[in-house]
Amino acid sequence: DSSKQTCSNMGVRELYVTQDRAPPTPKPKSPMVAFAELDMLLCTCPFDSEDQREELTSIIEHVPDLPPENQKPSKMQLQKLRDMRERKKLLLESASGQVRHLLQRMLKLSKETSGMY
């Protein structure tokens, strides 16, 4: 049937996994690896409270809009950034030691993956 589309016709590489050929692995610094780690940490972190989990989720999901690199941020955008920085600081200050370390890692991963959403 000539109406069938193949991966190569669509510009998509086909992935073949066989016993003698290992599947490809992403590079360690890949945004996909960072996204997967962030997702895993969000699911497994022993948060101190549900409020703490909700605050982190809110911070991660509501990144303030910024202008393109060649433009200066407005006063309102700068204020949103200051507010977000303060929320992150309060979140980290209120966390227990082990959780604080995980929160810091999740915030860093969130920054690395922010362009993927």
Side-chain angles (χ1 to χ4, degrees):
D1 185 304
S2 62
S3 66
K4 284 179 115 178
Q5 294 291 328
T6 65
C7 290
S8 57
N9 289 352
M10 299 298 292
V12 177
R13 291 186 328 165
E14 292 186 48
L15 174 63
Y16 295 101
V17 179
T18 62
Q19 289 180 348
D20 61 329
R21 186 181 194 183
T25 55
K27 296 176 183 172
K29 297 282 184 181
S30 160
M32 264 327 227
V33 172
F35 186 75
E37 183 183 351
L38 174 59
D39 188 52
M40 188 257 327
L41 288 173
L42 284 169
C43 292
T44 61
C45 180
F47 290 96
D48 294 325
S49 68
E50 189 58 32
D51 287 343
Q52 189 180 61
R53 176 191 303 271
E54 290 171 5
E55 177 66 0
L56 177 69
T57 303
S58 174
I59 289 170
I60 288 173
E61 291 177 354
H62 299 100
V63 177
D65 293 327
L66 294 176
E69 287 187 35
N70 58 350
Q71 293 181 8
K72 195 173 185 179
S74 69
K75 288 182 181 184
M76 190 167 93
Q77 289 168 325
L78 290 172
Q79 185 58 48
K80 285 182 181 181
L81 287 171
R82 281 191 290 273
D83 292 346
M84 184 65 71
R85 195 175 305 122
E86 185 63 24
R87 287 177 63 195
K88 289 177 186 178
K89 180 181 171 187
L90 292 172
L91 177 69
L92 292 171
E93 286 175 352
S94 69
S96 61
Q98 176 189 2
V99 174
R100 182 178 305 116
H101 174 73
L102 294 171
L103 293 176
Q104 288 170 326
R105 180 69 182 150
M106 286 186 274
L107 289 169
K108 181 178 180 185
L109 290 167
S110 171
K111 187 174 181 178
E112 290 175 18
T113 61
S114 63
M116 293 179 65
Y117 294 110

Would Asp83 and Glu86 count as a side chain to side chain contact (heavy atoms under 4.5 Å, CB included) here? Give the steps.
CA-CA 5 Å; Asp83 292 346; Glu86 185 63 24; 5.7 Å; no
Taking the side chain as every heavy atom from C-beta outward, state whether [X] and [Y] have any pair of such atoms under 4.5 Å apart.
X: Leu103; Y: Gln52; answer: yes
X: Lys80; Y: Gln77; answer: no
X: Lys108; Y: Glu112; answer: yes
X: Gln79; Y: Met76; answer: no

Would you name the heavy atoms of [X] and [Y] that are closest together and state the gap between them?
X: Leu102; Y: Cys45; answer: CD1-SG, 3.9 Å
X: Ser94; Y: Leu91; answer: OG-O, 3.0 Å
X: Asp48; Y: Ala95; answer: OD2-CA, 3.4 Å

With Arg100, which residues qualify under side-chain hydrogen bond (donor to acceptor under 3.5 Å, both in side chains), at least two apart?
none
Is it true that Leu38 and Met84 fall in one hydrophobic cluster, defined by side-chain heavy atoms closer than 4.5 Å?
yes
Cluster link Met40 to Leu107, ILVMFWY, side chain under 4.5 Å
yes
With a sphere of 6.0 Å drawn around CD of Gln98, does it hold more than 12 non-hydrogen atoms of other residues, nucleotides or ligands?
no
Find the distance between CG (Leu42) and CD (Glu37) and round it off to the nearest 0.5 Å.
10.5 Å
How many angstroms lie between atom CZ of Phe47 and atom CD of Glu54, to the nearest 0.5 angstrom?
10.5 Å
Return all side-chain donor-acceptor pairs below 3.5 angstrom for residues 56-64, not counting sequence neighbours, or 'none' if the list is empty.
unit_1, atom_1, unit_2, atom_2, d
Thr57, OG1, Arg53, O, 2.9
Ser58, OG, Arg87, NH2, 2.9
His62, ND1, Ser58, O, 2.9

